[in-house]
Amino acid sequence: ISGTGTAEPLEQYDIVSTVTGDVLSDSFEEGDLVSEGAVLYNIDSSEMEKTLEKADISLEKSQMEYEDAVSQYSGATITAPVTGQISEILVEKGDNVSSGSQVAKIVNNSTLTATVAFVSADTDNLYVGQSATVTLSNSFETLTGKISKIYNSKRIVDGSISVTDVEVRVTNPGALDEGTSVTVAAGGVSSYESGELEYESEQFITASASGTVAKITAPEGTYVKKGASVLTLSGDSESDSLLSSQLDLRTAQLSYQSTQEELDDYSIESPISGSIISKTVKAGDTIDNADGNTVLAVVADMSKMTFDI
């Protein structure tokens with residue numbers, strides 16, 4: 001029994017293009033051996049590169065808009081800008097607040113300062129950084145502080161006494177309040193007049209978004225750390241804006257990814273290692289058909305053959 005048949009490669013692929021454009025280069029000739037992944041054709045991709053650049057710009061804009069929306073949404077939780085004590089809440093639950101409005105006041109009560117007057121002649125014995133004894137006028141309790149500033153100007157009190165103001169800083173042991181009257185002694189001399197303790201720093205907390213006060217999480221008198229929640233706002237507009245920006249960002253990401261993948265199609269690679277058994281398109285030709293029906297070349301693995309008889 002005998003028969004005849006035509007030997008064919010067991011694995012053979014038609015090289016086609018899904019894009020149109022001028023073929024800028026090819027790297028093979030018919031009969032050449034090529035490796036899997038080797039670049040066979042480069043097609044002019046200048047227009048697609050412009051499209052990719054536009055997609056990249058759109059993605060960056062969407063990212064910025066998303067970050068702004070996140071910032072606005074995060075503003076629904078108003079936090080303490082510094083560590084300190086909430087001295088005053090300026091709004092109530094249910095109040096409507098606008099972005100930038102003042103909602104609370106916070107003070108750094110860990111350190112207090114007092115400005116007291118010394119006889120000008122006595123200030124020759126004083127210097128910044130010098131240790132000072134601070135006496136509370138109401139309880140005569142004494143605390144140790146430091147001179148933080150000596151003013152250059154002088155003023156006249158009681159008709160003829162020349163005095164110079166001196167600022168003293170003292171650490172709050174935990175019970176000192178602003179307004180407490182104190183006297184100061186340093187360098188062997190005592191202040192001519194008393195002064196009142198003041199919190200070293202005080203500032204307003206502002207809302208970074210608009211909304212309705214839903215909850216006051218740090219009432220007056222609460223000691224909070226920087227970044228801790230003071231109050232929360234409710235508002236549907238920020239939530240809707242955040243969701244919309246999330247969708248826009250995802251759309252821009254997919255568009256950029258899709259454009260990048262299309263750009264990759266302008267570089268045509270060999271799907272297998274094998275021999276080029278046919279080449280119909282060369283550098284300088286123009287590919288007009290992008291439906292995948294135009295065969296540019298044929299590559300086959302000639303190491304394994306098959307035939308039917």
Side-chain angles (χ1 to χ4, degrees), residues 78-92 97-98 100-208 216 218-228 230-231:
I78 300 176
T79 59
V82 295
T83 297
Q85 186 179 38
I86 303 299
S87 61
E88 188 176 2
I89 297 292
L90 305 176
V91 295
E92 296 180 355
V97 299
S98 57
S101 62
Q102 298 174 348
V103 296
K105 188 185 293 184
I106 186 171
V107 296
N108 177 6
N109 62 351
S110 61
T111 305
L112 297 97
T113 61
T115 300
V116 295
F118 279 80
V119 174
S120 296
D122 291 341
T123 58
D124 293 338
N125 299 320
L126 306 179
Y127 56 88
V128 174
Q130 185 177 17
S131 179
T133 300
V134 179
T135 303
L136 307 183
S137 300
N138 56 359
S139 65
F140 299 104
E141 179 185 358
T142 59
L143 301 171
T144 300
K146 285 187 177 182
I147 295 176
S148 55
K149 184 176 183 180
I150 300 175
Y151 290 86
N152 293 324
S153 59
K154 300 177 182 180
R155 54 190 176 90
I156 303 299
V157 297
D158 296 335
S160 60
I161 305 299
S162 175
V163 297
T164 299
D165 288 328
V166 175
E167 183 184 83
V168 178
R169 180 179 288 111
V170 62
T171 300
N172 192 348
L176 288 181
D177 292 322
E178 190 175 38
T180 301
S181 178
V182 298
T183 57
V184 178
V189 295
S190 298
S191 59
Y192 183 77
E193 292 180 338
S194 62
E196 291 185 352
L197 291 174
E198 297 179 355
Y199 294 127
E200 187 171 24
S201 63
E202 182 178 53
Q203 67 184 88
F204 286 101
I205 301 174
T206 59
S208 55
I216 297 175
E220 292 182 7
T222 304
Y223 183 83
V224 295
K225 292 185 177 181
K226 180 179 179 180
V230 176
L231 56 88

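Quick caveat: nothing in here was measured; it's all calculated off a predicted structure.
Residues S194 and V116 share a closest heavy-atom pair of C-CG1, 3.9 Å. When all heavy atoms of V170 and L197 are compared, the pair lying nearest together is CG1-CD2, 4.0 Å. What you find for Y151 and E167 is that their closest heavy atoms are OH-OE2, 4.1 Å. When all heavy atoms are compared, the tightest approach of N172 to L112 is CB-CD1, 3.4 Å. Here the closest heavy-atom approach between residue V224 and residue A228 is recorded as CB-CB, 4.1 Å. The two residues L231 and I216 make their nearest non-hydrogen contact at CB-CA, 4.0 Å.
Qualifying side chain to side chain donor-acceptor pair (under 3.5 Å) partners for T123, counting only residues two or more places apart in sequence or in other chains: none. Annotation: side chain to side chain contact (heavy atoms under 4.5 Å, CB included) contacts of S98 (sequence neighbours excluded): S101, S210. By the side chain to side chain donor-acceptor pair (under 3.5 Å) test, S120 is found to be paired with S162, T164, residues two or more places apart in sequence or in another chain being considered. Residues forming a side chain to side chain contact (heavy atoms under 4.5 Å, CB included) with A117 (at least two apart in sequence, or on another chain): R155, V163, D165, E193. For Y192, the side chain to side chain donor-acceptor pair (under 3.5 Å) partners two or more places apart in sequence, or in a different chain, are D158.
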All N/O donor-acceptor pairs, side-chain side in residues 179-187, below 3.5 Å, sequence neighbours left out:
residue, atom, partner, partner atom, Å
T180, OG1, D177, O, 2.9
S181, OG, S137, OG, 3.2

Going by atom type alone, with no hydrogens or angles, which donor-acceptor pairs under 3.5 Å involve a side-chain atom of residues 83-92 and a protein atom two or more places apart or on another chain?
residue, atom, partner, partner atom, Å
T83, OG1, K226, N, 3.1
Q85, OE1, N109, ND2, 2.9
Q85, NE2, G221, O, 3.1
S87, OG, K105, O, 3.3

Which donor-acceptor pairs under 3.5 Å do side chains of residues 126-136 form with protein atoms, sequence neighbours excluded?
residue, atom, partner, partner atom, Å
Q130, OE1, Y127, N, 3.0
Q130, NE2, N125, O, 3.3

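To the nearest 0.5 angstrom, E196 atom CD is 10.5 Å from T115 atom OG1.
Among residue pairs with one or both ends in residues 120-144, none qualify as salt bridge (charged side-chain N to carboxylate O under 4.0 Å, His left out); sequence neighbours excluded. Within the structure, no pair that satisfies the salt bridge (charged side-chain N to carboxylate O under 4.0 Å, His left out) test touches residues 126-135, not counting sequence neighbours.
Side-chain contact between E178 and E198: present, with at least one pair of heavy atoms (C-beta onward) separated by less than 4.5 Å.
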